Amino acid sequence: MDSILIRGGKPLNGTITISGAKNAALPLMVATLLTDEPVILSNVPDLMDIATMTALLRGHGTVATHQADGTWHLHTPDITSTTAHYDIVRKMRASVLVLGPLLARERQATVSLPGGCAIGTRPVNIHIEGLAAMGAQIEIEGGYMKAVAPQGLKGAKINMSTVSVGATENLLTAAVLADGTTVLENAAREPEIADLIDLLVAMGAEIEGRGTDRLTVHGKDRLHGASHRVLPDRIETGTFAVAAAITGGDILLAGADPETVEAIMEPISRAGATIDNLPEGIRVRRNGAGILGVDVMTQPYPGFPTDMQAQIMALMSISHGAAMITETIFENRFMHVPELGRMGANINVHGGSALVRGVPKLKGAPVMATDLRASVSLVLAGLAAEGETRVNRVYHLDRGYERLEAKLVACGADVERVRE
Ligand code: EPZ
């Protein structure tokens, strides 16, 4: 298995162009199932998860082609299968997002339950309850959700018990073709959802409340083709902002969207980095002064994202003082803690909180992690550490960071992929 070898201790200086957002592109690709006309998505990142999603959509009848610049042409004249198999859903949980669109367009869908994953149990009860409220009959059989709506889906008022990005996306993409009006309360407000709403509206959907936790959807008989550009990845932006701060460097994050990263930049700035929003992107730098300890708690948007928790922890591990990092979204998202510990970090976990006592230096070590963000936090720690860090199980990084090593090397990092 490939690994990434990092010789740390070099400040990163230069420009990194931010890619399109993985977590926006995946639901956008699924939404193309809602119409028999072609949909064009540009700025789609070149990632393993995008390849997995393409394979899933092809299984449902999508003709998918793309150009080197990340422009995808997705066309599903007919849905050829309404089943999403375990083999693909277990690889990528976002596969469950096909449930809503398949039910809406074909009145039936059979989708494997994703099961737990490295960061928590991650149930899909809110997806199921919402679709049931819209008239779907859903049974669990042989590990699959078997859903039918012989009369079609009907608009409903749905109050989601937990703020869920995926459930909001699934219910939105079901409601746009339902008969009547659907109101989604306690909806997630992540920018990726606003991006999905923008595509759906371009396809002819009628949705009120974009950016709020109450979305009203007036169902349509059919949607049509459209073109849409995927928004910049706010988690990639935050990750490279930490790379600048942790190495004492100076990076321009070209094309980053300042509006979507306020909660991410706030603690990085309080920790001592200087952040400037410029016309061409966001400049993050830290000259000389050390990192200060800053407490952080993960929250649904507009709070600090769980997908940046591991990266900020890597930064805090070299702070002067201490930081309390509290995870409120997933119950098991501290797998990076023992690995950072192997690099000399001083971190104690008590329930959902981790107390990070800063150490003057991290030291390189062989490490590995079991999810994407935990893996990248080890890369960040390796960039700041003395000596050599080998991050194993690189396939996690390939799922979500486009050309990670190349972007870091262009800023002066000593990073290479070791193929085995
Ligand atoms: C999305 O996952 C992201 N994935 C995750 O990013 C991200 O960590 C997460 O949102 C939170 O921001 C994609 O967008 C593809 P949720 P999702 O439903 O939609 C509970 C990454 O690293 N819940 O918002 O699966 C759930 O267990 C990934 O890029 C229920 O209880 O997350 C969790 O505690 C990892 N029942 C909370 O809600 C449900 O039916 C939020 O999960 C659904 C969710």
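Residue numbers start at 1 and run along the sequence shown. Start at 1 and go down the list; that is how both ligands and their atoms are numbered. This is a predicted model, so every value here is computed, not measured.
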**Q.** Distance-only side-chain donor-acceptor flag, Ser42 / Thr71, under 3.5 Å
**A.** no
(Q) Tell me the contacting part of Thr121 for ligand 1: side chain, backbone, both, or neither, using a 4.0 Å heavy-atom threshold, strictly below. (A) neither
Q. Between Asp371 and ligand 1, does any nitrogen or oxygen pair lie at a separation below 3.5 Å?
A. no
(Q) Whether the Asp195 and His228 side chains hold a donor-acceptor pair (N or O, under 3.5 Å, no angle test) is what I'd like checked. (A) yes
Q. Can you check whether Asn186 reaches Ser161 side chain to side chain, under 4.5 Å on heavy atoms?
A. no
Q.
Just to be sure I read this right, does ligand 1 sit under 4.0 Å from the backbone of Arg122, its side chain, both, or neither, counting only heavy atoms?
A. both
Q | Distance-only N or O hit between ligand 1 and Ser164, under 3.5 Å | A | yes
Q. Between Ile126 and ligand 1, is there a nitrogen or oxygen pair with a distance under 3.5 Å?
A. yes
Q: Starting from atom 36 (N) of ligand 1, find the nearest protein heavy-atom neighbour and note its residue, name and distance.
A: Asn125 OD1, 2.7 Å
Q. Heavy-atom contacts under 4.0 Å between Arg333 and ligand 1: side chain, backbone, both, or neither?
A. side chain
Q: Determine whether more than 12 heavy atoms belonging to other residues, nucleotides or ligands lie under 6.0 Å from atom OH of Tyr86.
A: no
(Q) Is it true that Thr239 and Gln311 share a donor-acceptor pair across their side chains at a distance under 3.5 Å? (A) yes
Q: Starting from atom 15 (C) of ligand 1, locate the nearest protein heavy atom and write down its residue, its atom name and how far away it is, to 0.1 Å.
A: Asn23 OD1, 3.3 Å
Q: State whether the shortest distance between N or O atoms of Ile329 and N or O atoms of ligand 1 falls below 3.5 angstrom.
A: yes
(Q) Is a donor from one side chain sitting under 3.5 angstrom from an acceptor on the other, for Tyr401 and Arg373? (A) yes
(Q) Checking His218 against Thr181: is there a side-chain donor and acceptor pair closer than 3.5 Å? (A) yes
Q. Where on Glu169 is there a heavy atom closer than 4.0 Å to ligand 1, on the side chain, on the backbone, on both, or on neither?
A. neither
Q.
Side chains of Thr76 and Thr62: any donor to acceptor distance under 3.5 Å?
A. yes
Q: Return the option from Val96, Thr306, Leu97 holding the heavy atom at the smallest distance from atom 11 (C) of ligand 1.
A: Thr306
Q: Kindly confirm or rule out an N or O of Lys22 lying under 3.5 angstrom from an N or O of ligand 1.
A: yes
Q. What protein heavy atom sits nearest atom 22 (O) of ligand 1, and how far off is it?
A. Arg373 NE, 2.9 Å
**Q.** Test of proximity, Gly166 against ligand 1: N or O pairs below 3.5 Å
**A.** yes
**Q.** Side-chain donor-acceptor contact under 3.5 Å, Ser112 with Arg90
**A.** no
Q) Taking heavy atoms and a distance under 4.0 Å, where does Val165 meet ligand 1: side chain, backbone, both or neither? A) both
Q. Has ligand 1 got any nitrogen or oxygen that is less than 3.5 angstrom from a nitrogen or oxygen of Leu372?
A. no
Q) Is the closest side-chain heavy-atom distance between Met160 and Glu185 below 4.5 Å? A) no
Q | Protein contact to atom 23 (N) of ligand 1 [nearest heavy atom, distance to 0.1 Å] | A | Pro123 O, 4.1 Å
Q. Without hydrogens or angle criteria, can the side chains of Lys407 and Ser19 be said to hold a donor-acceptor pair below 3.5 Å?
A. yes
